[in-house]
2 protein chains.
Amino acid sequence: MKDNNDMPGHLARRFQQIAVAVFLAEVGDAGFDLTPVQYAALATIKANPGLDQVTLAGLIAYDRTTITGVIDRLVQKGLAERRPSSRDRRARELAITDEGRRKLRKIAPAVESAQRIMLRGLSAKEGEELMRLLRKAIAAGNELSRAPLRDAQV
Amino acid sequence: MKDNNDMPGHLARRFQQIAVAVFLAEVGDAGFDLTPVQYAALATIKANPGLDQVTLAGLIAYDRTTITGVIDRLVQKGLAERRPSSRDRRARELAITDEGRRKLRKIAPAVESAQRIMLRGLSAKEGEELMRLLRKAIAAGNELSRAPLRDAQV
DNA sequence: GGATATTGCTCAGTATGCTGACTATCAGTA
DNA sequence: TACTGATAGTCAGCATACTGAGCAATATCC
């Protein structure tokens with residue numbers, strides 16, 4: 001019988017579980033209340049002002065049905081705004097608020113610290129190699145999930 | 001600004017997202033209806049007959065509040081049984097049913113195939129290295145999540 | 001121009017995962 | 001034995017993720 005530790009699927013789940021826990025702990029200790037998912041969405045909105053929800057979802061590989069709730073919570077916290085697009089009445093344009101910008105800036109050290117902590121068992125070189133291999137495996141499997149990564153349409 | 005692709009947390013989420021999608025697709029195509037989480041739980045129950053829920057949770061690093069629902073669904077599908085322990089009236093002893101054993105056996109090829117597919121972008125050597133690095137990072141972070149991996153008490 | 005296909009978004013439903021609280025039970029000790 | 005603390009399991013509540021369905025609007029093709 002194959003051991004769990006030989007199953008990439010199990011290792012993926014476990015690493016992600018730890019990554020989320022570390023993120024929430026670091027951010028929480030710094031006095032903030034933002035999930036990894038909300039952070040990535042907010043940072044991407046800031047970097048691409050006026051983008052619509054589908055584009056945002058593609059940029060961070062979230063399912064479009066998931067992004068609705070995530071944005072709901074960002075809006076409710078006053079960190080982002082959702083307004084109807086003038087060009088396409090189906091779409092919503094997203095923007096970060098000043099409050100959101102402030103929060104992103106103040107939270108940055110905790111986020112960086114979290115990324116370090118989740119690799120703390122590895123040397124710098126090993127950490128790089130792990131990220132390289134993950135990127136490579138992810139690129140090959142991108143189309144296999146319902147929410148693949150997509151470039152922004154310019 | 002740091003790219004998502006340089007954040008181990010993002011890569012972790014993405015890899016695990018693909019891993020789950022691949023698992024569900026392979027198992028579903030083979031005509032079965034079992035999630036990765038349910039599969040791991042069932043396989044572990046089979047390997048440790050009579051174990052209680054907390055022990056099971058520790059062996060696969062699930063939260064004890066999550067395992068309740070997972071077992072509910074395994075029981076409902078007729079794949080596992082939950083009965084009160086004779087030694088400890090708080091605990092429930094878990095066992096796999098004949099049906100569960102049959103299902104596990106028939107599903108094995110799809111599970112193995114899924115593990116292969118989620119590494120398909122990597123050479124055999126790279127796949128091994130990825131698993132080694134994940135194991136190492138996970139070992140160092142084991143205590144950081146609410147549901148750490150635990151050895152069975154013998 | 002009008003039928004058709006596609007797209008942006010939302011919703012209901014289900015399955016993980018977690019926090020925090022609670023009950024019942026057990027174990028150790030005064 | 002009575003008290004105290006720890007443990008097994010469950011529950012309510014919240015946040016991701018996904019499936020599948022549906023609505024409104026846009027794009028495409030004849």
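Below, read A as the first sequence line, B as the second, and so on, with proteins coming before strands; counting in each chain starts at 1.
Legend: salt bridge (Lys or Arg N to Asp or Glu O under 4.0 Å) pairs involving residues 105-124 of chain A, not counting sequence neighbours: none detected. The salt bridge (Lys or Arg N to Asp or Glu O under 4.0 Å) pairs that include a residue from residues 137-147 of chain B are B/Asp63-B/Arg146, B/Glu143-B/Arg150, where partners are two or more places apart or lie in different chains.
The CG-P distance, from A/Leu56 to D/dA17, rounds to 13 Å in whole Å.
With sequence neighbours excluded, no residue forms a side chain to side chain donor-acceptor pair (under 3.5 Å) with A/Arg73. Applying the side chain to side chain donor-acceptor pair (under 3.5 Å) criterion to B/Arg89, with sequence neighbours excluded, gives no partner residue. The side chain to side chain donor-acceptor pair (under 3.5 Å) search around A/Gln115 returns none, not counting sequence neighbours. Residues forming a salt bridge (charged side-chain N to carboxylate O under 4.0 Å, His left out) with A/Glu81 (at least two apart in sequence, or on another chain): A/Arg83. Taking A/Gln17 as the reference, A/Arg14 meet the side chain to side chain donor-acceptor pair (under 3.5 Å) condition, with sequence neighbours excluded. Partners of B/Leu122 by side-chain contact (heavy atoms from CB on, under 4.5 Å), not counting sequence neighbours, listed by chain and number: A/Leu133, A/Lys136, A/Ala137, B/Leu119, B/Glu126, B/Leu130.
Proximity of residues 63-72 of chain B to DNA chain D (heavy atom under 4.0 angstrom from any strand atom) is restricted to B/Arg64, B/Thr65, B/Thr68. Shown for residues 29-38 of chain B: residues whose heavy atoms fall under 4.0 angstrom of DNA chain C, namely B/Thr35, B/Val37, B/Gln38. Taking a 4.0 Å limit (strictly below) on heavy-atom distances, residues 12-24 of chain B reaches DNA chain D at B/Arg13, B/Gln17.
At a threshold of 4.0 Å, the pair B/Glu93-B/Arg87 counts as salt-bridged, since one of the basic side-chain nitrogens sits closer than that to a carboxylate oxygen. Ion pairing between a basic and an acidic side chain is recognised when a charged N comes within 4.0 Å of a carboxylate O; B/Glu128 and B/Lys125 show no such pairing.
A residue-by-residue look at A/Ala61 and A/Arg87 shows that A/Ala61 has its nearest nucleotide of DNA chain D further toward the 5' end.
Contacts between chain A and DNA chain C, taken as any atom within less than 4.0 angstrom of a protein heavy atom, begin and end at C/dT7 to C/dC18.
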